[in-house]
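Read the structure below first, then the notes.
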Amino acid sequence: MKIFNTLTGKKEELRTLSPYKVKMYVCGPTTYNYIHLGNARPLVVFDAFRRYLQFRGYEVNYVQNFTDVDDKIINRARDEGQDPMSLAERYINEYFKDADALNVRRADVHPRVSENIPEIIEAVKLLMAKGYAYEVQGDVFFRVRAFSDYGKLSGRSLKDMLAGARVEVDERKEEPVDFALWKSAKEGELCWDSPWGRGRPGWHIECSVMAIKYLGETIDIHGGGNDLIFPHHENEIAQSEAITGKPFANYWMHNGFITVNKEKMSKSLGNFFILRDILEKYPADAVRFYLIATHYRSPLDFDDSKLEEARKALGRLKNTLDLCKEFKKSNIEIGIDLEGKASDFWQSIEKLENDFIEAMDDDFNTAKALGFLFEMSHQINAYIAASNRDSAVNQAAVGRAVRVFTELGNVLGIFMEGRHNEMQIVEGILPILAELSSDAETEGNYEFVNNIRDFLKEIKVNIEDGEGKCVLYSSRYPDINVVVKKLIEIRSILRQKKEYQKADFIRDSLRKRGIILEDTREGVRWKFADL
RNA sequence: GGGCGGGUGGCGAAGAGGCUAACGCUGAGGUCUGCAAAAUCUCCAUUCACCGGUUCGAAUCCGGUCCCGCCCUCCA
């Protein structure tokens with residue numbers, strides 16, 4: 001397992017502190033707004049890495065913080081005339097909705113700044129006691145000069161930074177590069193008591209404190225976006241290592257940016273897309289697929305067509321899942337020896353599984369790994385297309401293959417349960433029956449009219465005469481499968497009678513309402529349109 | 001100015017010394033089908049920004065040139 005380490009600028013073999021245990025800390029969002037797509041990238045990629053490590057047998061202890069005390073939160077709360085802590089709380093809840101939608105699993109701990117103030121104060125006191133920090137009028141600063149390794153992560157030297165300093169200069173600081181550990185509060189601002197008066201923590205100290213508190217003085221992997229390398233992570237290293245005298249994190253991982261027209265998507269440029277809005281237009285699994293279809297360190301340019309492409313590509317993979325489900329008649333696959341064609345097939349699946357693992361072992365190359373998943377999809381489809389489903393050997397072979405396929409897809413987290421609004425779709429479909437019925441009535445085909453009436457009665461739906469509208473008289477919506485099956489049945493009869501126009505009317509109408517019909521050798525299959 | 005990363009087909013994107021330069025989208029054609037869809041099969045980069053060099057061999061290494069992005073200030 002190799003990981004690209006920002007600290008050394010090289011890919012390195014992963015050697016964990018304890019065998020098969022990984023301590024992982026990923027910087028989480030500042031909760032003053034809904035997250036945008038750029039925020040979603042680290043979320044998704046590190047979730048995928050965590051899943052992969054677990055798949056490889058590691059026990060992963062995963063911590064992701066919330067920055068719920070921050071100037072931006074305070075300002076926004078003031079603008080909206082509300083309490084900063086409840087504003088932060090609200091956006092933490094919204095964050096979880098987005099994360100859940102993207103199939104991002106919860107961290108083992110989601111610590112918040114506001115819940116770790118005493119520990120932060122202790123840390124600042126300790127830094128002062130060790131000479132790494134100094135107080136000026138209620139503010140406490142980190143004395144960068146005192147930490148000789150400063151700059152080792154971002155590859156800069158203190159000398160260069162002092163020379164090229166064009167940072168705002170707070171005259172009270174000993175050096176322009178010194179940064180705040182504790183900020184004094186203005187009148188009426190959110191604050192906590194401290195030895196230096198009322199105030200709140202600076203931005204960087206929280207991560208040092210929470211990482212150490214929940215994971216220990218040295219952790220295996222610390223992750224976050226590229227822009228955090230400097231100053232945030234550089235400062236975290238300085239603080240943590242000044243406190244403990246030990247290496248803070250052995251591997252630093254940073255994801256690349258999402259760009260729009262090749263420009264960084266960021267809040268300050270205003271070119272960001274709120275994830276919530278994107279999820280209105282595209283299925284969440286397509287968004288997740290899009291985010292992992294490119295290597296995590298590369299920049300990723302965003303526009304709608306990319307999500308559309310992701311949707312289609314993922315649809316191909318999911319279609320294989322459907323084909324398998326239809327092919328498989330039972331789950332019995334144990335104790336059957338695969339021979340001949342089945343054995344060759346299984347071997348190629350195993351080969352692709354190994355290729356997948358090899359790709360992921362190389363710095364989590366999800367893009368390459370996905371390629372093998374597509375090849376696996378081809379293999380499975382082709383095998384199914386050429387095989388008799390009544391054979392126990394074929395059943396076993398496909399069963400084993402799809403299990404591997406599904407497991408690997410789940411490692412990437414791209415196989416989510418479809419969340420279709422079935423009620424809405426059923427509501428859209430029922431009028432097709434009404435329309436068919438009224439057409440039949442015009443033609444004097446009363447047998448057919450009665451057939452439909454009986455069916456509707458069965459599923460507790462009324463047709464309002466004259467208007468062709470369907471009205472439910474049950475509190476429960478009819479099962480979508482039952483309704484679609486009925487339409488398929490009607491269409492089959494029409495096809496037998498070669499009344500293709502009407503048959504196509506049914507297929508087209510369903511299509512418009514989100515249901516796709518496919519005529520296969522095994523009969524008609526249906527699926528939801530947006531997969 | 002300093003630090004970092006990148007330029008691969010119509011598009012997206014892997015590949016980091018030697019297999020036919022993965023895979024996806026798009027497009028073309030065949031099989032299947034009443035048609036469509038799905039599936040399947042085949043085709044679509046003599047060439048990897050440019051110029052030199054190292055090497056038996058370079059998209060991959062080295063030097064130079066030209067572009068592009070990011071960080072150096074809150075930002076994932």
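Just so it is clear, the structure is predicted and the values come from calculations on it, not from any experiment. So that the names make sense, note that chain A is the first sequence line, chain B the second, and so on, each numbered from 1.
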Give me the distance, rounded to whole Å, that separates [N] from [M] when you measure between the [atom1] atoms they each carry.
{"N": "A37(B)", "M": "A45(B)", "atom1": "C1'", "value": "31 Å"}
{"N": "G30(B)", "M": "C35(B)", "atom1": "P", "value": "13 Å"}
{"N": "A38(B)", "M": "G27(B)", "atom1": "P", "value": "11 Å"}
{"N": "A59(B)", "M": "G9(B)", "atom1": "P", "value": "14 Å"}
{"N": "C68(B)", "M": "C25(B)", "atom1": "P", "value": "33 Å"}
{"N": "U65(B)", "M": "U55(B)", "atom1": "C1'", "value": "23 Å"}
{"N": "A76(B)", "M": "C67(B)", "atom1": "C1'", "value": "27 Å"}
{"N": "G10(B)", "M": "C43(B)", "atom1": "C1'", "value": "15 Å"}

Any strand is fair game: report the nucleotide pairing with [N] by Watson-Crick or G-U wobble, both distances under 3.5 Å, or none.
{"N": "U31(B)", "result": "A39(B)"}
{"N": "A21(B)", "result": "none"}
{"N": "C61(B)", "result": "G53(B)"}
{"N": "C44(B)", "result": "none"}
{"N": "G1(B)", "result": "C72(B)"}
{"N": "C66(B)", "result": "G7(B)"}

Do [X] and [N] share a donor-acceptor pair, side chain to base, under 3.5 Å?
{"X": "Arg507(A)", "N": "C35(B)", "answer": "yes"}
{"X": "Arg495(A)", "N": "G34(B)", "answer": "yes"}
{"X": "Lys264(A)", "N": "C75(B)", "answer": "yes"}
{"X": "Asp504(A)", "N": "G34(B)", "answer": "yes"}
{"X": "Asp519(A)", "N": "C35(B)", "answer": "yes"}

Checklist entry - Parallel, tilted or perpendicular for Trp252(A) and His254(A), by the 30°/60° rule? => result parallel
Checklist entry - Which of parallel (below 30°), tilted (30 to 60°) and perpendicular (above 60°) describes Phe345(A) and Tyr383(A)? => result parallel
Next on the checklist: Taking CD in Glu350(A) as the centre, count heavy atoms belonging to other residues, nucleotides or ligands within less than 6.0 Å. Is the count above 12?
Outcome noted: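 Yes, the 6.0 Å shell around CD holds more than 12 heavy atoms from other groups.
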Next on the checklist: Are more than 12 heavy atoms, taken from residues, nucleotides or ligands other than Glu13(A), located less than 6.0 Å from that residue's CD atom?
Outcome noted: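 Yes, enclosed.
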Item to check | Per-pair stack call Phe257(A) and A76(B), 5.5 Å, 30° | outcome: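 Here Phe257(A) fails the 5.5 Å or the 30° condition.
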Next on the checklist: Counting the atoms with a prime plus P, OP1 and OP2 as sugar-phosphate, which does Ile229(A) contact under 4.0 Å by heavy atoms, base, sugar-phosphate, or nothing?
Outcome noted: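 Since no nucleic acid heavy atom lies under 4.0 Å of Ile229(A), the category is nothing.
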Please tell me which of the listed nucleotides, [options], lies nearest to the side chain of [X]?
{"X": "Thr30(A)", "options": "A76(B), C35(B), A38(B)", "answer": "A76(B)"}
{"X": "Ser266(A)", "options": "C75(B), A39(B), A76(B)", "answer": "C75(B)"}
{"X": "Thr294(A)", "options": "A14(B), C35(B), C72(B)", "answer": "A14(B)"}

Item to check | N/O donor-acceptor pair under 3.5 Å between His110(A) side chain and Gln64(A) backbone | outcome: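 The answer is yes, because a donor-acceptor pair under 3.5 Å joins these two groups.
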Checklist entry - Any donor-acceptor pair under 3.5 Å linking the side chain of Ser208(A) with the backbone of Gln239(A)? => result no
Item to check | Closest-nucleotide ordering on RNA chain B, the 5'-leading residue of Arg297(A) and Tyr500(A) | outcome: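 The residue mapped nearer the 5' terminus is Arg297(A).
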